[in-house]
**Student:** 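Before I ask anything, here is the structure I am working with.
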Amino acid sequence: MAIVQLENVKKVYSLGKAEVQAVRGVSFSIEKGDFASIVGPSGSGKSTILNLIGCIDQPTEGTVIINGTATEGLKDKALTNLRHQTLGFIFQSFNLIPVLNVYENIEFPLLLGKNKMSKKETREWIEYLVEAVGLKDHIIHKSNELSGGQRQRVAIARALVTKPEIVLADEPTANLDSKTGQSILELMKKMNADLNTTFIFSTHDTSIMDIADHVVRLLDGLVVEDTKAKVKVGS
Amino acid sequence: MSMTLKVASRNIFRQKKRTFLLAGAIAFGMLVITLINAFTGGLVENIRENIADIFGGHVFITGTEYPEGGQIVRRMKPDDRLDELLAEHAPFISSHTKRSEAYATFIFGSKRTVDTVYGVDFVEENKLLESLVVSKGSFDRVAELNNAIIVTETVGQRLGVEPGETILVKLDTITGQQNVGEFQVEAFVKDQDMFGMSSAYAHRAYLNELLGLDTHEFQNLYLTIHDLSQAEAVARDFRVGLRSDDEIEEEEVEVSVSVAGMPISPQDKKEPIQPWEGTRYRVMGINEIMEPIEQVVGVLDKIALVVFLILLFVTMVGITNTFRMIMIERTREIGTMRAFGMHKKQVKRIFLWEATLVSLLGVVTGLVLSGVLVFILSRIGITKDPAMQMFLTEGRLSFVISKGSLVVNTVLVVVISLIAAYWPAKAAAKLSPMKALGSHT
Ligand SMILES: Nc1ncnc2c1ncn2[C@@H]1O[C@H](COP(=O)(O)OP(=O)(O)O)[C@@H](O)[C@H]1O
Ligand SMILES: [Mg+2]
């Protein structure tokens with residue numbers, strides 16, 4: 001089952017009088033449980049596509065279907081709810097909320113809407129995530145007391161806390177050294193396997209795309225390769 | 001605690017200096033208005049408390065007669081209705097005095113001066129002499145000497161008279177004839193010169209003789225009330241109880257109608273006054289006496305409010321600018337929260353909570369500082385000058401903080417802060433979740 005489906009998606013940005021065709025007619029789909037990578041050089045449209053999938057931007061043309069819902073014509077409120085219910089985000093610059101500690105940062109998305117879990121379940125779930133990302137000893141630290149790698153681990157836990165169908169990560173390793181970046185990807189892969197959450201991450205670094213079981217390669221706003229591994233790693 | 005309130009309460013400690021400046025400005029405004037309000041409130045309260053000492057009572061009753069074919073005279077005869085009212089209200093009344101009064105010219109040799117003379121019953125008003133401070137002479141023979149007079153120091157000096165000497169007092173009788181009487185000066189007392197209300201005291205029986213009144217008649221009845229809060233009620237009872245059947249009920253209206261603190265009297269109708277039978281009473285309560293004072297205080301409070309509003313306006317500009325800055329600083333953070341599913345109105349709410357918390361912090365700080373200052377100021381002795389005592393309590397300032405104006409001022413501060421933060425809050429809510437992306441940290 002396709003959890004993400006793009007059909008002939010185009011995105012045009014207007015810069016004053018000039019128009020920039022960031023995405024020029026892209027179609028592909030991502031299956032549930034995929035560990036997908038969108039690869040391409042800088043400016044090829046990776047972020048634009050992730051923004052479209054992440055419901056924080058709307059296509060100029062074409063259809064984006066997320067977990068069965070077409071985002072076309074949805075109002076901000078509906079898009080916000082869709083993001084909250086279906087999506088988790090990991091950012092290049094981590095983007096932790098500085099006034100909140102590790103536990104609170106992870107908990108934060110749960111506070112934005114109705115939480116179906118009981119208080120006890122919630123606490124156990126967050127504690128599970130904290131442990132899974134290896135930050136048990138940093139639970140009350142603020143983000144400025146953590147290294148980049150640790151911050152991104154918190155971000156992974158935060159992205160998963162609402163048990164979303166899809167986690168989007170736009171260049172999650174770009175601000176990390178290659179060793180830390182590798183471990184972050186491995187952690188994401190592990191969570192993908194453990195929780196069967198769909199992960200889509202972008203990178204301009206072709207050397208780290210091997211970990212993905214589904215690779216969409218972009219060039220100048222067009223898909224130039226869409227490869228799925230025959231046998232999924234870990235399944 | 002709601003998520004928005006939680007985040008907001010953390011946020012205000014992010015830039016402590018900024019919060020300190022904003023809250024400090026609000027605290028200062030709150031301090032100014034609270035102190036001035038408390039000071040004027042204390043002033044009014046002190047004047048109310050002291051008014052009996054100055055005016056000789058809390059409820060003032062005068063009577064006028066206008067017999068057919070005669071003229072209007074101020075005169076009260078012993079009256080059963082009055083005595084009944086006095087008896088009924090005895091538990092509320094600590095004392096009452098029946099006086100006659102004349103605005104008289106005092107003459108000694110070639111010198112003359114003017115002052116009010118009260119005709120008092122020194123036996124009935126046994127506390128009067130205690131309350132006066134002798135500066136020359138003595139009260140020893142006042143009781144037995146029926147033409148004794150007690151004058152103020154100032155009058156004594158103007159006339160160049162000494163205790164024991166005799167002066168002439170020229171006055172108008174109640175019907176307007178001139179009359180002269182001889183009085184023997186027994187003592188000088190310190191001036192209680194309050195709003196120019198100095199006065200001399202003589203025996204009522206003797207003054208009545210000169211005024212053309214009978215021995216037991218009088219012109220003013222002053223009541224002193226135990227509990228000041230009862231004074232108006234007592235005044236009302238007397239007003240109703242003493243009203244004669246043919247009187248229209250205009251007095252009630254006249255007393256209490258005011259618009260924005262300015263009393264308005266229905267004095268448009270200028271019908272010629274018709275004579276009436278018997279005595280017509282006019283009863284004044286403390287509120288009527290306080291009216292001009294409260295008007296002055298009202299003006300002071302209004303000035304304070306204007307200053308407060310100016311301070312608030314300046315603070316408002318500061319708040320708007322600060323929150324605009326905050327919005328720019330937190331663009332990425334707001335984008336992140338929006339990406340995770342925070343609604344626009346929740347973003348707005350965080351900003352508005354922050355504004356509320358900062359302003360409340362300022363309000364509380366301002367109130368605590370006011371409390372401390374009031375505590376210190378009310379313990380400093382200001383002056384023992386008798387003329388100033390009306391405004392003081394035992395020589396010290398006293399402050400009355402009105403809960404009503406506290407609430408109003410607090411609400412004002414919070415509302416203005418919310419208005420000031422509203423536009424930046426709205427702008428923050430409009431930020432796209434896309435702002436979470438990008439490579440800048
Ligand atoms: N908000 C925008 N306004 C105008 N042009 C944009 C905007 N975002 C992206 N672009 C342009 O769209 C193209 C694709 O950008 P992007 O999706 O960020 O690529 P990538 O993430 O692969 O580097 C680039 O040429 C970029 O300059
Ligand atoms: Mg990008």
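Proteins get letters first, then strands, A, B, ... in listed order; numbering begins at 1 in each.
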**Student:** Check whether A:Phe91 gets within reach of chain B through its side chain, its backbone, both or neither, counting any heavy atom under 4.5 Å.
**Tutor:**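 Side chain only.
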**Student:** Are B:Tyr422 and B:Phe351 close enough that their ring centres sit under 6.0 Å apart?
**Tutor:**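 No, the ring centres sit 6.0 Å or more apart.
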**Student:** Using a strict cut-off of less than 4.0 Å between a Lys/Arg side-chain nitrogen and an Asp/Glu carboxylate oxygen, indicate whether A:Lys11 and A:Asp57 qualify as a salt bridge.
**Tutor:**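 Salt bridge: yes.
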**Student:** Heavy-atom cut-off 4.5 Å, strictly under: side chain, backbone, both or neither for A:Leu79 against chain B?
**Tutor:**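 Nothing of A:Leu79, per the 4.5 Å heavy-atom cut-off to chain B.
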**Student:** Pick whichever of A:Lys77, A:Glu104, A:Arg158 has the most heavy-atom pairs under 4.5 Å with chain B.
**Tutor:**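 Between A:Lys77, A:Glu104, A:Arg158, the count favours A:Arg158.
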**Student:** How many angstroms lie between atom CG of A:Asp76 and atom NZ of B:Lys430, to the nearest 0.5 angstrom?
**Tutor:**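 Going from the CG atom of A:Asp76 to the NZ atom of B:Lys430 covers 12.0 Å.
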**Student:** What distance separates A:Arg153 CZ from A:Ile106 CD1, expressed to the nearest 0.5 Å?
**Tutor:**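 Reported value, rounded in 0.5 Å steps: 12.0 Å.
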**Student:** For B:Arg330, which atoms come within 4.5 Å of any heavy atom of chain A: side chain, backbone, both, or neither?
**Tutor:**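 Answer is neither: B:Arg330 stays 4.5 Å or more from chain A.
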